[in-house]
2 protein chains.
Amino acid sequence: MFNTKSSIRENNSILVLSEIINRPEVSRAMISELIGLNKATVSAIVKQLIEDKYVIEIGPGESTSTGGRRPILLTLNKKAGISISFDVRHDRISCLITYLDGEKIEHTIEEKNMNKDNTVESIASIVEDTRDSMGHCPFGIIGITISIHGIVDHNKIEFTPYFDLDQIDLVGELETRLDLPVHIENEANLTALAEAAFDNEHCSLVSFSAHTGVGAGIILDGKLHRGHKGRSGEVGHTVLYPNGISCPCGNQGCLEQYCSTTAIVRRFRELKHNDQLTFQDLVASYHLKDSDTLNMILQFAKDFGIGLMNVIGNFDPEVVYINSEVLDEIPELISFLQNYLSMTIYKNVLIRQSRLGKKASLYGATVVNLQSYLHVDNVEFSLNMEKVLAG
Amino acid sequence: MFNTKSSIRENNSILVLSEIINRPEVSRAMISELIGLNKATVSAIVKQLIEDKYVIEIGPGESTSTGGRRPILLTLNKKAGISISFDVRHDRISCLITYLDGEKIEHTIEEKNMNKDNTVESIASIVEDTRDSMGHCPFGIIGITISIHGIVDHNKIEFTPYFDLDQIDLVGELETRLDLPVHIENEANLTALAEAAFDNEHCSLVSFSAHTGVGAGIILDGKLHRGHKGRSGEVGHTVLYPNGISCPCGNQGCLEQYCSTTAIVRRFRELKHNDQLTFQDLVASYHLKDSDTLNMILQFAKDFGIGLMNVIGNFDPEVVYINSEVLDEIPELISFLQNYLSMTIYKNVLIRQSRLGKKASLYGATVVNLQSYLHVDNVEFSLNMEKVLAG
DNA sequence: ATAAGTTAGTTGATTCAACTAACGAACTAT
DNA sequence: ATAGTTCGTTAGTTGAATCAACTAACTTAT
């Protein structure tokens, strides 16, 4: 709904800022070329962005071979504010503090049982400590985003398995105490946002996460698709085997019972008749080329492939990023899946392994903070990939 | 990407026109209230729309109980142009000619074998006859849209089962011959557009069609979601039963082998050991309360429910419209499905039977013609429901 | 019947943002 | 030195939305 004059400026400002964020250094002239706005208009917008501390000039660039005045290079004033991300699970809380380009300031993981009584205090004290210890910067803390393993709808927790976090008004309590914008989002959705922020080539992608549960995050036209009730991509409880294994959700044969790390460990235990075996034991058994284990992994791969194909059949994305410990530990699986998909009608869909691993949702949360602060809802801008992957 | 001054006017013109299309009669003052534009701006835009023949004044309306000048009611100049829609199947071609509000001018169905050699001629001659016989109107024929049973990507047929239409450049040949805008689109997608055009309450919906094949059309935020290669919603070849019935697509256990009308007829034939039985025989057997038939239908319903749930699990729409002869003939099935879904985590999703039946894709094609002519890609405006349902 | 109040739509002045064209600054190649 | 090129700014123009004040046309109370 762009209908006023000022909204046009706002919109164009975001376009200009996106270009500055996306490229490490860029000139006014280049921006004008890239987005088709007049040089004079770009100059005016950049002037405002510099005044508002979003952008800084970093000196002259190289002139072209044909001569001419050297450009003045611009870059995001990444230290103008900081973003804080949390990932809260039943058994741990991790926190990532970054500058505006995603460069890591601090990353902490604390193993402890999280519940409705200690979560607000844990998060708020970290934020307050950060606020106290950080030097002055123009925007301060731009926002807090919390990754939740569960169903989130309109910034409200609908359901968390494994713990009771769904019983409190997490956002409300934190916003009251901290007086900062607080967002919560489903972990798979955040992982998808992170993948999208690191992939400038594709604007429609699926991020398929399989850990204790299975979920997909969906990015369509550069935007996160949450669904009507925040449940889009909750594919863990779509049915893979009608009349199959019973699932705590009440149904039978849910995908989660076949493709999660939990599921493959359970099968491994059944196979070896030993309830104490862990995922590490499974990996060890695989490396010893135990034939029963290999067969089990093959069956897992087939089920995983069907699960993947079914998601692709629904969304028809350009690329699918898979985030799973099982694939990380058993590298052949990715090419098995690529082969499987190449035999279907979805041979053109790219299947890739996530490069972000367990920190994906934290970086996704950073993206949410940025999007919210800049009032954009698409991932046209990216985090600084080198900085993030280095950290 | 709205960044010029004229685009703001263009955008606001579409907003105003959408309001005029959506409501049978509306005044300038009401439009100003509805979309928040200044009265003066609305007046200027409406003046242009009237000049360009999109809109006509239809006289004064009632003044309110508190008095005041009576409004001048506006309405879409529906007879300013006509839309032509085709539905081409291997054994029939149907054509729908309408005014701009969807009001039927003519609807014809011809049973004949369609193929790559006669399709262009069949379509072109109908269009040429229409052009010759119609009186003068400002826009003339605004466009041709053809519903295709198969995969369509970027206005190109990728694959048609049952016949060889995928071997010609249908759009190119018709555009050359007719010198009119020609569009093609997958049947399930068009059905979804039609459902969306008739449903002003929900902006995210899935239309689930099960006939010879199974497919879904997806509307997200009022826009058709086609996917990267036009295959979004091609759920007929997602897997319902791993290692299940072999499918011509090369895979096993595809949804289409369980939920299509073809599939239930095949099962009925197997059940009765009679290859000649038809869908009508099945319906008759159901009305006779044949217990084997009832059990078979129950199994069909369960499979259908799982298929439906899996699509919902991916997209999380507000409402699902089902278009299937089986449901039309066996009315209890819809409540069975509603019950089934109400026991899952998707209890809030509305499950509805399509009110459009076999003409759905033709009306969807009309929507495409309108969207294309008006340069919009959302279904913020609707067809005139009473007129369409009456026809 | 008249006056007061209300709503619809138009007009003219103003504001805002993008555009154009021209220019100075700063460079390269000859 | 000079011509050509590119970057960024400046001054003036244009298009579109806004606001305030207006006319038009109606209802209701007196």
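Residue numbering restarts at 1 for every chain, and letters A, B, ... go by the order of the sequence lines. Bear in mind that the values here come from a model prediction, so they are computed numbers and not experimental data.
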Item to check | Listed once per pair and sorted, the salt bridge (charged side-chain N to carboxylate O under 4.0 Å, His left out) pairs that draw on residues 26-45 of chain B, sequence neighbours left out | outcome: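 The answer is B:R28-B:E57.
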Rounded to the nearest 0.5 Å, what separation is found between the [atom1] atom of [X] and the [atom2] atom of [Y]?
X: A:I144; Y: A:I184; atom1: CD1; atom2: CD1; result: 13.5 Å
X: A:I20; Y: A:I31; atom1: CD1; atom2: CD1; result: 4.0 Å
X: A:L37; Y: A:S43; atom1: CG; atom2: OG; result: 11.0 Å

Item to check | Residue pairs passing the ring pair (Phe, Tyr, Trp, His ring centres under 6.0 Å) test where at least one lies in residues 21-55 of chain B, sequence neighbours excluded | outcome: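 Ring pair (Phe, Tyr, Trp, His ring centres under 6.0 Å) check on residues 21-55 of chain B returns B:Y54-B:F139.
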Checklist entry - Could you give all pairs that pass the ring pair (Phe, Tyr, Trp, His ring centres under 6.0 Å) test and reach residues 11-52 of chain A, with sequence neighbours left out? => result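 For residues 11-52 of chain A, and leaving out neighbouring residues, there are no ring pair (Phe, Tyr, Trp, His ring centres under 6.0 Å) pairs at all.
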Would you kindly give the [atom1]-to-[atom2] distance between [X] and [N], to the nearest whole Å?
X: B:K47; N: D:dA16; atom1: NZ; atom2: C1'; answer: 14 Å
X: B:E33; N: C:dG9; atom1: CD; atom2: C1'; answer: 14 Å
X: B:N12; N: D:dG15; atom1: CG; atom2: P; answer: 17 Å
X: B:I8; N: D:dA17; atom1: CD1; atom2: C1'; answer: 7 Å
X: B:I31; N: C:dT7; atom1: CD1; atom2: C1'; answer: 16 Å
X: B:Q48; N: D:dA17; atom1: CD; atom2: C1'; answer: 16 Å
X: B:M30; N: C:dT7; atom1: CE; atom2: P; answer: 15 Å
X: B:R28; N: D:dT23; atom1: CZ; atom2: P; answer: 20 Å

Next on the checklist: Looking only at the side chain of A:A29 (C-beta and beyond, no hydrogens), which of the listed nucleotides D:dG8, C:dG9, D:dC26 gets closest?
Outcome noted: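 Of the options given, the side chain of A:A29 lies nearest D:dG8.
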Taking side-chain hydrogen bond (donor to acceptor under 3.5 Å, both in side chains) as the definition, give me every residue that meets it alongside [X], ordered by chain and number, with sequence neighbours left out.
X: B:E25; result: none
X: B:S85; result: B:T366
X: A:R23; result: A:E19
X: B:S27; result: none

Checklist entry - Checking only heavy atoms, does the side chain of A:R69 share a donor-acceptor pair with the base of D:dC7 at less than 3.5 Å? => result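 Present.
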Item to check | Stem regions touching DNA chain D, defined by at least 3 consecutive Watson-Crick or wobble G-U pairs below 3.5 angstrom | outcome: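 When the pairs of DNA chain D are grouped into runs of at least three, the stems are C:1-30 with D:1-30.
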Listing time: all N or O pairs from protein to nucleotides 19-21 of chain D that are below 3.5 Å?
residue	atom	partner	partner atom	Å
D:dC19	OP2	B:N38	ND2	3.4

Return all side-chain donor-acceptor pairs below 3.5 angstrom for residues 74-84 of chain A, not counting sequence neighbours, or 'none' if the list is empty.
residue	atom	partner	partner atom	Å
A:T75	OG1	A:P24	O	2.9
A:N77	ND2	A:K53	O	2.8
A:K78	NZ	A:E103	OE1	2.4
A:S83	OG	A:N369	ND2	2.9

Identify all pairs in which a protein N or O lies below 3.5 Å from an N or O of nucleotides 14-16 of chain C, and state each distance.
residue	atom	partner	partner atom	Å
C:dT15	O2	A:K5	NZ	2.7

Next on the checklist: Taking 4.0 Å as the cut-off, does a side-chain nitrogen or oxygen of A:R70 come that near to OP1 or OP2 on C:dA26?
Outcome noted: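 False: A:R70 side-chain N/O out of range (4.0 Å or more) of C:dA26 OP1/OP2.
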Item to check | Residue-phosphate contact under 4.0 Å: A:S43 side-chain N/O, D:dT9 OP1/OP2 | outcome: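 Yes, within the criterion.
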Taking only distance into account, with no hydrogens and no angle test, what donor-acceptor pairs under 3.5 Å do side-chain atoms of residues 218-230 of chain B form with protein atoms, sequence neighbours excluded?
residue	atom	partner	partner atom	Å
B:H225	ND1	B:S232	OG	3.0
B:R226	NE	B:E185	OE1	2.6
B:R226	NH2	B:E185	OE1	2.8

